[in-house]
Amino acid sequence: MAASEYYQPSSNRPTGSGPSPSPYYSPYGQPDDRHSPAPPSYASEAPYPTHDRPAQVSSHGGPFESVFDDHVYPLKDPKNPQRPAGAFAGGAGASGAGSGGYISEGSQQSFAQDTRYYGSPPSDAHHPGGRRHENTFPANGNSTDDIPLENRPPKPDEMHENDHVYDAEAPGRKKSRRRKVRFGQLGMLGASKKRIPWVVYIFTIIQAAVFIGEIIRNGRHFFGQWGFLFGFHDIREMLTYTQPRKPAHPL
Amino acid sequence: MIKPQFNPMIGPSQYVLINMGSRFVLCMHEVDGVPKDTTWPCPSSTSLDPNDPNNKCTIGELCGFGAPKTADSPNQWFRFILPIFLHAGLVHIGFNMLLQLTLGREMEMSIGSLRFFIVYLSAGIFGFVMGGNYAATGVSSTGASGSLFGVIALTLLDLLYSWNDRKSPVKDLMFIILDMVISFVLGLLPGLDNFSHIGGFLMGLCLGVCVLHSPNSLRRRIGQDSDATYASVETAREGEPKFVKNPVGFFKGRKPLWWVWWLIRAGALLTVIIVFILLLQNFYVYHNKCDWCKYLSCLVSLSRTLPEPQRCTRRNTWLTLFSSLPQPINGWCDLGNLQFNQTPGTPTQTSAARRGLF
């Protein structure tokens, strides 16, 4: 990717004051003064129209004068050093920022001095309502950088979990790397849910009971009403016993 | 166990089983060629002597369940259902319960009680319907094998549905095939009704397609995998409209693959219903026989001639049910067929049934 892309500020980073810069990535180097929604170079935050985005810009529209320019922009509010410099500062991992993963807020501190894009403080009067105008240090909402939605509460949105992460899986694959089903296990989705198998237990009980009934009935047929335990002196007598044709008792 | 003949399954005599509700065609409709004056062994019979008074029951007395004690075959339709809960002996019930408490239990835990219940009963009943149509007429059949073969069919479907999720699907498939081959071979033995197995398996396959969820890959494509469980009838699946609460909404916004799979399901259900009705029609009305079908449940005899005792003589009128043991293998496939030899001479002499198969 072109090195210039790294230095092109993201559209979600409104600057403080002054004419609107050309924060949009323009592959042809053309300044883009139109107020149009930024192309989502990172899918994390929904791009929103940036109107009246003042900033100190160079002649070509960017805050940097050249691709090698890496000014140290003064911190806007020394009282709030917690400014994380936005989600995208130093987070341009895709273009080779050199860091292998998501850059946490803490590590932003070291970059804060070096890679601030918009140094000038915003002027609130220039930004009508309708969107949040963040200051440079959003921890207490007083940062000077006009970074919208900087302080938004974190949304549990898995779509953006893997931003700035190298070798991340594609989003939307919640359980795509399941354990493989082992030999002899049932593999349908939901097979591991624990239930009590009522039907099997009930049927087994019924079948066992019926079988015992069969044995008893068989014994009665052959050995008289009171079962084969009674009235026989030896096995031979038991085995050769023949029930009379019309028994007086019901079975 | 040993009267009137030895029961290799270590269980009651088959006449007791018939009296308790086994699938026995003669207790369900009239069979052509059976003389009205035939007498049968009573449930209490202990010998095969035709002159034994215990062997002079009518078919109504043998069948039991309050059937009139005439020579007419009763219409005991419940003999398609009851034998699921009857077993011929310790060996029989032992093997069946082993399979039921391992495979059946796992399957029910996987798919839920209602689905399991439907497949279990349907497969069992259909197995007996198949047997009633195509097995030998003298065979008395019991057991939950048909139902358990339906469960085996569900296992096969589960394997096919989750093929790509498995570590070694081919090994699983081989295991199931081995299972089926062994059961089929055992079913060729006299005394085991293979039609129950075959019918149960086929019904399990078709009904499994109907009641099981779609294959895993299909569900992932449709997007159902996040809450992919067999929810009970009462609980709604997350994010999907419950059918009972919102019948129209159930069908809204569904992807084409979903419809395709439902079409397949509907086709399978229709097939099953039609085949079931046709077989019942055949059983009660048409009585079309399939000459070669019996070979699915027996081994072909190597000898061309039948042994002496089974040949007709000119002396007596007697009904012969070929015995199972210890007869030689010759004529094995003729076992279980009701055969009647009638000669002029003593028409009033009654006959007694010999042993039959179970």
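Naming convention: chains lettered A, B, ... in sequence-line order (proteins, then strands); numbering from 1 in each chain. Values below: every heavy atom of this structure, side chains too, minus hydrogens, waters and symmetry copies.
Ranking B:M20, B:E108, B:E106, B:K167 against chain A, the residue ahead of the rest is B:E108, based on heavy-atom pairs under 4.5 Å.
With a threshold of 4.5 angstrom between heavy atoms, B:L90 approaches chain A through its backbone and through its side chain. For B:N164, the part lying under 4.5 angstrom from a heavy atom of chain A is the backbone only. Heavy-atom distances place both the backbone and the side chain of B:M109 under 4.5 Å from chain A. Using a 4.5 Å cut-off between heavy atoms, B:I84 touches chain A through backbone and side chain atoms alike.
Judged by distance alone, the side chain of B:Q100 and the main-chain N or O of A:Y201 form no donor-acceptor pair under 3.5 Å. Of the possible donor and acceptor atoms, none in the side chain of A:Q207 sits under 3.5 Å from a partner among the backbone N and O of B:M97.
Considering every non-hydrogen atom in both B:S113 and A:V199, the closest pair reads O-CG2, 3.7 Å.
To the nearest 0.5 Å, the span separating CG on B:N19 from CZ on A:R217 amounts to 4.5 Å. In this structure, the separation between CG on B:L154 and CG on A:L186 is 9.5 Å, given to the nearest 0.5 Å. Here B:L86 contributes atom CG and A:E214 contributes atom CD; the two are 5.0 Å apart, rounded to the nearest 0.5 Å. Atom-to-atom distance recorded for A:F211:CZ and B:T142:OG1 is 9.5 Å, nearest 0.5 angstrom.
Taking the six-membered ring where the residue is Trp, A:F203 and B:F85 present perpendicular rings, their angle passing 60° and hence far from 30°.
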